[in-house]
Amino acid sequence: MKVFRRSLVIVLLIIFGTMGSLTAQDYQLDRVEPLHWWVGMENPELQLMIYGDHIGQLSPKIDYRGVDIQRVERTENDNYLFVYLHISHTAQPGSFDITLQKDEEQQLSYSYTLKEREDGSARRQGFNSSDVIYLVTPDRFANGNPKNDSVEGYADSLDRDDDYGRHGGDIQGIIDHLDYIDEMGFTAIWLNPVLENAMKESSYHGYATTDFYKVDPRFGSNELYKKLSKEAEKRGIKLIMDMIMNHAGSNHWWMEDPPTNDWVHYPDEYQQTNHRRTTLHDPYASDIDTKQFTDGWFVRSMPDLNQSNPLLADYLIYNSLWWIEYAGLRGIRHDTHPYAGQEYMKEWTCRIMEEYPNFNIVGEEWGVDPLVLAKWQRGSTLPTDYSSCLPSLMDFPIQTTLIDALTKKESWGTGFVNLYETLSYDYAYPNPQNLVIFADNHDMDRFYRQVNQDYDLFKMGMTYIMTMRGIPQFYYGTEILMSNEKHHDHGQIREDFPGGWKSDTKNAFSGNGLSDKKKQAQAFVKKLVNWRKNNPVIHNGKLMHYAPKHEGFYIYFRYNEDKTVMVVLNKKDKKTTLKTDRFYERLKGYSQGTDVISGDTYNLDDMTVPARSSLILELR
Ligand SMILES: [Ca+2]
Ligand SMILES: [Ca+2]
């Protein structure tokens with residue numbers, strides 16, 4: 001297709017070269033992106049990508065007070081124009097015509113709009129450690145609109161029997177159940193990507209973007225996504241958008257007619273990434289390994305975008321800013337963060353944070369060693385001179401060691417001591433309090449499976465995540481002990497939430513048909529999350545923990561000037577007396593503690609801790 005169009009252009013040029021120039025009918029305008037913009041942005045520059053037949057042969061003109069064309073970039077493909085505007089801080093909201101001319105004669109015109117920003121837009125507060133994030137896979141949570149389950153023109157249609165097919169969940173379904181999310185105590189929602197994935201199969205997960213400016217119609221529309229944001233906001237819930245700068249879907253519209261020959265890496269011969277993320281800081285890494293990591297494709301269906309092309313680099317940045325401003329986002333979860341390379345991730349994060357200084361972005365770096373993660377966090381001085389503006393990272397080291405701590409036998413070097421020691425590497429992070437901690441997510445076995453469906457361990461893990469430093473993230477369905485039968489089966493991990501579909505016989509929103517154990521778990525999570533919500537001592541209090549003595553206990557304290565909370569995790573099979581004298585630094589002045597879940601009060605000098613239990617004691 002690409003070759004065909006190019007040769008067509010050449011043929012046309014030869015024909016018209018002898019006959020004179022192309023006529024107005026030969027030009028066609030298909031897209032202008034971003035779809036609109038705003039006045040009063042911090043950065044006065046804006047890149048417009050204009051796409052359509054032979055657009056590249058035309059010259060844009062704009063006559064609007066405060067808006068000037070800074071420069072025009074043309075590429076080897078004459079179906080594109082990249083127009084850089086300067087929008088002065090005095091420019092007023094309104095619409096203007098972009099006229100596209102040939103030899104001073106207008107061939108096409110497009111009306112472009114500059115909108116007014118919402119009050120406080122630049123100062124918006126991103127998600128932070130006072131929040132608990134609920135992660136939802138939109139196709140699998142609730143079907144609020146059965147009419148959009150299959151959409152004409154989109155090959156991947158409804159098939160609820162296929163774990164990897166589309167199940168019909170959508171944005172309306174999430175809006176319909178915001179009250180449930182709110183009542184559970186969650187104050188932020190992160191949805192797996194919602195942009196168009198016009199892929200043949202497995203499009204439900206959303207990680208193969210085929211249009212960066214369009215919500216997938218099977219999920220809803222841009223307007224509905226914005227409505228979700230507004231409805232969430234009313235309940236004090238912040239919306240976090242999942243974004244992917246590293247790759248697009250192979251059916252992305254520009255793959256048939258790319259703006260430049262280097263728009264994606266390895267356009268002609270498939271090369272897969274080696275996934276060796278450590279090449280980016282390894283002092284001994286070879287160039288070939290590093291290049292294969294950043295430039296290789298994630299998978300065959302996801303072409304690797306070449307962000308070292310400045311036009312693409314800008315395109316993606318303006319796209320991210322557009323969504324923040326348009327949808328009122330309070331944060332971004334950035335997929336496969338290191339894969340787009342250090343330099344670009346610095347530029348992307350810094351330009352977003354310059355525009356929104358209180359915003360938050362959490363990057364996915366699936367490293368299990370804090371030293372691999374720490375270098376990415378804003379303010380890091382490790383290992384050398386690299387510093388980006390990324391405020392937060394997904395805390396994979398804590399997730400991994402939490403599972404080890406809960407499931408492995410206590411010994412000198414295994415069990416709780418793993419967790420204790422992993423936390424000691426917090427020294428490497430500029431801001432450990434801003435890391436996102438979690439027990440599971442959409443890419444790994446359900447937490448309940450990871451702890452071998454042991455309910456006591458489940459409660460211990462949840463207690464840890466909700467009382468530890470950081471920003472907890474919770475995967476939908478974990479509150480009702482959802483578990484996947486087959487190890488690492490993504491389709492099963494992202495199972496439908498019961499009650500989200502009219503025909504469901506079980507309903508986790510109402511509790512109808514749920515087993516007692518699932519109801520119990522849900523009530524436990526609800527109590528825990530709501531308690532955390534109202535306790536700043538957990539949001540930003542200090543932390544002190546005590547070395548586990550391989551007897552099955554792990555004890556830590558969260559404290560500030562007003563309050564001290566003692567957390568006791570006990571893996572022992574029988575009730576045990578806990579000697580508390582070595583905790584004197586934190587117990588000074590306190591004699592009793594009341595468990596926030598059971599309401600039971602314990603004397604601190606003579607504490608009998610129930611078998612296999614977790615206690616969150618508010619000290620008095
Ligand atoms: Ca639907
Ligand atoms: Ca890449």
Side-chain angles (χ1 to χ4, degrees), residues 136-152 154 156-160 165-177 191-192 194 196-197 203-204 206-209 215-221 224-225 227-228 243-250 252 262-267 270-280 287-309 312-313 315-316 334-348 363-366 376 494 496-497 499-504:
V136 173
T137 302
D139 184 58
R140 305 298 169 88
F141 186 62
N143 188 0
N145 179 11
K147 285 190 197 137
N148 65 12
D149 293 355
S150 298
V151 172
E152 216 186 312
Y154 289 86
D156 201 8
S157 52
L158 185 76
D159 186 358
R160 234 186 132 190
R166 295 198 77 104
H167 291 192
D170 49 34
I171 293 171
Q172 188 59 52
I174 300 165
I175 294 174
D176 293 346
H177 296 292
L191 315 187
N192 293 129
V194 294
E196 186 196 71
N197 269 232
S203 67
Y204 77 97
Y207 286 95
T209 313
V215 165
D216 196 292
R218 290 158 294 187
F219 289 144
S221 62
L224 195 66
Y225 185 60
K227 184 181 172 190
L228 167 67
M243 292 187 180
I244 316 119
M245 297 303 117
N246 180 60
H247 50 258
S250 52
H252 189 288
D262 69 351
W263 205 247
V264 302
H265 291 121
Y266 304 112
Y270 178 72
Q271 293 274 344
Q272 178 151 19
T273 177
N274 54 16
H275 297 287
R276 292 293 164 207
R277 299 183 305 275
T278 55
T279 52
L280 296 184
D287 288 348
I288 191 171
D289 286 344
T290 312
K291 185 173 160 54
Q292 199 194 339
F293 166 62
T294 55
D295 295 1
W297 293 23
F298 199 74
V299 289
R300 271 188 186 276
S301 57
M302 297 174 183
D304 196 68
L305 297 173
N306 175 16
Q307 302 85 1
S308 58
N309 178 313
L312 176 57
Y315 177 91
L316 294 172
H334 185 229
D335 188 59
T336 52
H337 189 76
Y339 290 75
Q342 300 193 119
E343 287 319 308
Y344 187 60
M345 281 302 96
K346 179 176 179 166
E347 189 183 355
W348 181 73
E364 179 202 31
E365 155 50 274
W366 198 316
W376 292 99
R494 304 155 185 180
D496 297 347
F497 192 77
W501 282 251
K502 272 220 172 86
S503 56
D504 290 355

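These numbers were taken from a predicted model, which means no experiment stands behind them. Just follow the structure's listing: the first ligand is 1, and inside any ligand the first atom is 1.
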Is the closest side-chain donor-acceptor distance between Ser250 and Arg300 under 3.5 Å? no
For Asp262 and Asn309, which I'm curious about, is there any donor-acceptor pair between the side chains at under 3.5 Å? yes
Under 3.5 Å side-chain donor-acceptor pair for Tyr339 and His275: yes
Taking NZ, NE, NH1 and NH2 as the nitrogens, is one of them in Asp295 or Lys291 under 4.0 Å from a carboxylate oxygen of the other? yes
Taking Gln271 for its side chain and Gln292 for its backbone only, find out whether a donor-acceptor pair lies under 3.5 Å. no
Check for a donor-acceptor pair, side chain of Trp297 on one end and backbone N or O of His265 on the other, with a separation under 3.5 Å. yes
Number of protein N/O/S atoms less than 3.0 Å from the Ca ion (ligand 2)? 5
State whether a side-chain donor-acceptor pair under 3.5 Å links His167 with Asp496. yes
Taking atom types as modelled and ignoring hydrogens, do the side chains of Asn143 and Asp149 form a donor-acceptor contact shorter than 3.5 angstrom? yes
At a cut-off of 3.0 Å, what protein N/O/S atoms sit near the Ca ion (ligand 1)? Asn143 OD1, Asn145 O, Asn148 OD1, Asp149 OD1, Gly168 O, Asp170 OD2
Within the distance-only criterion (no hydrogens, no angle test), does the side chain of Asp139 pair as donor or acceptor with the backbone N or O of Gly168 below 3.5 angstrom? yes
